[in-house]
Amino acid sequence: MGTEIKAKQFLLDQRYLKMASVWAQNSYCIRRQVGALLVKDKMIISDGYNGTPSGFENNCEDENNITFPYVLHAEANAITKVAKSNNSSDGATLYVTSSPCMECSKLIIQAGIKRVVFYDNYHKTDGVDLLKKAKIEVLQVEMEA
């Protein structure tokens, strides 16, 4: 890839991540708000943010600030949303504000996503390690000020 093409891709990566950050603000979770966008051929084909399944109250944490086990991660929401559409995530790029956990990484691999771009590290690196093992391109980008 030429220098100009790489620079243009990096600019797109930053812009899509900014959009994922804005989308994260839709989350009702208190401890952490995460947003995700699935992009294919420069089109957003799905989006997601962490939260409860459809039909549940929009409370992500209990009275002790512990996240309920049924809360969905932003990546899982974006992947399941595209699965219900006429789009395919095969070959897509996932932009997510936090690096994927192990469970989401398994979904990313199975969904055919080829690239994952994120800002912050999740508290465990096993998800990113799995993505790399699966030969999925993983890129961490610093958040612009």
Side-chain angles (χ1 to χ4, degrees), residues 1-61 67-145:
M1 201 184 294
T3 306
E4 187 176 322
I5 294 170
K6 281 184 181 181
K8 190 172 185 178
Q9 182 61 57
F10 184 73
L11 187 61
L12 283 172
D13 289 346
Q14 288 180 316
R15 288 177 178 163
Y16 284 125
L17 274 175
K18 275 186 193 175
M19 292 170 72
S21 294
V22 170
W23 204 242
Q25 295 171 20
N26 289 318
S27 173
Y28 289 91
C29 297
I30 297 166
R31 290 181 59 214
R32 183 175 209 164
Q33 293 181 315
V34 180
L37 294 178
L38 262 173
V39 176
K40 186 173 179 179
D41 301 324
K42 296 183 182 174
M43 290 187 303
I44 298 169
I45 60 169
S46 190
D47 55 60
Y49 50 87
N50 57 327
T52 57
S54 299
F56 281 64
E57 281 189 42
N58 288 322
N59 297 329
C60 298
E61 297 90 3
T67 301
F68 292 119
Y70 52 81
V71 168
L72 291 158
H73 288 189
E75 306 94 318
N77 267 327
I79 291 168
T80 56
K81 190 174 182 178
V82 80
K84 289 169 60 174
S85 75
N86 292 325
N87 287 315
S88 167
S89 56
D90 195 39
T93 296
L94 176 70
Y95 293 93
V96 62
T97 56
S98 184
S99 62
C101 69
M102 177 60 84
E103 292 304 310
C104 288
S105 291
K106 291 188 278 187
L107 292 175
I108 290 164
I109 294 165
Q110 291 300 98
I113 295 165
K114 297 298 177 203
R115 208 166 162 259
V116 176
V117 183
F118 65 93
Y119 281 139
D120 299 323
N121 285 310
Y122 188 63
H123 64 271
K124 293 183 181 178
T125 63
D126 56 353
V128 169
D129 295 340
L130 183 67
L131 293 175
K132 289 178 181 176
K133 186 175 182 179
K135 307 278 190 275
I136 292 173
E137 182 184 346
V138 179
L139 177 65
Q140 184 172 13
V141 175
E142 283 189 37
M143 189 180 291
E144 289 182 328

So do the side chains of Q14 and V141 get within less than 4.5 Å of each other, counting heavy atoms only?
yes
Quick one: pull up CG in L139 and CG in L17 and give me the separation to the nearest 0.5 Å.
8.5 Å
I need the T3 OG1 to K6 NZ distance, nearest 0.5 Å.
6.5 Å
If you measure from OG1 on T97 to NZ on K18, what distance do you get to the nearest 0.5 Å?
15.0 Å
Main chain of I113, side chain of S89: is a donor-acceptor contact present, judged purely on distance under 3.5 Å?
no
With sequence neighbours excluded, give me every side chain to side chain donor-acceptor pair (under 3.5 Å) pair touching residues 38-54.
W23-D47, S27-N50, D47-K81
Which residues satisfy the ring-ring contact (aromatic ring centres under 6.0 Å, His included) test with Y28, sequence neighbours excluded?
none
Heavy-atom side-chain contact between I45 and V39 under 4.5 Å
no
Between OG1 on residue T67 and CD on residue E61, distance to nearest 0.5 Å:
4.5 Å
Under the side-chain hydrogen bond (donor to acceptor under 3.5 Å, both in side chains) test, which residues partner S98, sequence neighbours left out?
R32
Does anything in residues 69-100 pair up under ring-ring contact (aromatic ring centres under 6.0 Å, His included), and if so which pairs, sequence neighbours excluded?
Y16-Y95, F56-Y70, F68-Y70
For K106, enumerate each residue passing the side-chain hydrogen bond (donor to acceptor under 3.5 Å, both in side chains) test, keeping only those at least two apart in sequence or located in another chain.
E103
Tell me every residue that passes disulfide bond (SG atoms under 2.5 Å apart) with C60, counting only those two or more places apart in sequence or in another chain.
C29
Given R115, which partner from the list D13, L94, I108 fulfils the side chain to side chain contact (heavy atoms under 4.5 Å, CB included) test?
D13
Quick check: do L130 and M102 have side-chain heavy atoms less than 4.5 Å from each other?
yes
Heavy-atom closest contact (L131 atom, V116 atom, distance)
CD1-CG2, 4.0 Å
Ignoring hydrogens, what is the shortest heavy-atom contact between S99 and V128? Give both atom names and the distance.
CB-CG2, 3.7 Å
CG/L37 to CE/M43 distance, rounded to the nearest 0.5 angstrom?
14.0 Å
Any donor-acceptor pair under 3.5 Å linking the side chain of Q140 with the backbone of Y119?
yes
Can you tell me how far apart CG (D120) and CD (E142) are? Round to the nearest 0.5 Å.
11.0 Å
Specify the closest pair of heavy atoms between G127 and S105, including all atoms of both residues, with the distance to one decimal.
O-OG, 2.9 Å
Minimum heavy-atom separation for P100 to C104, with atom names?
CB-CB, 4.3 Å
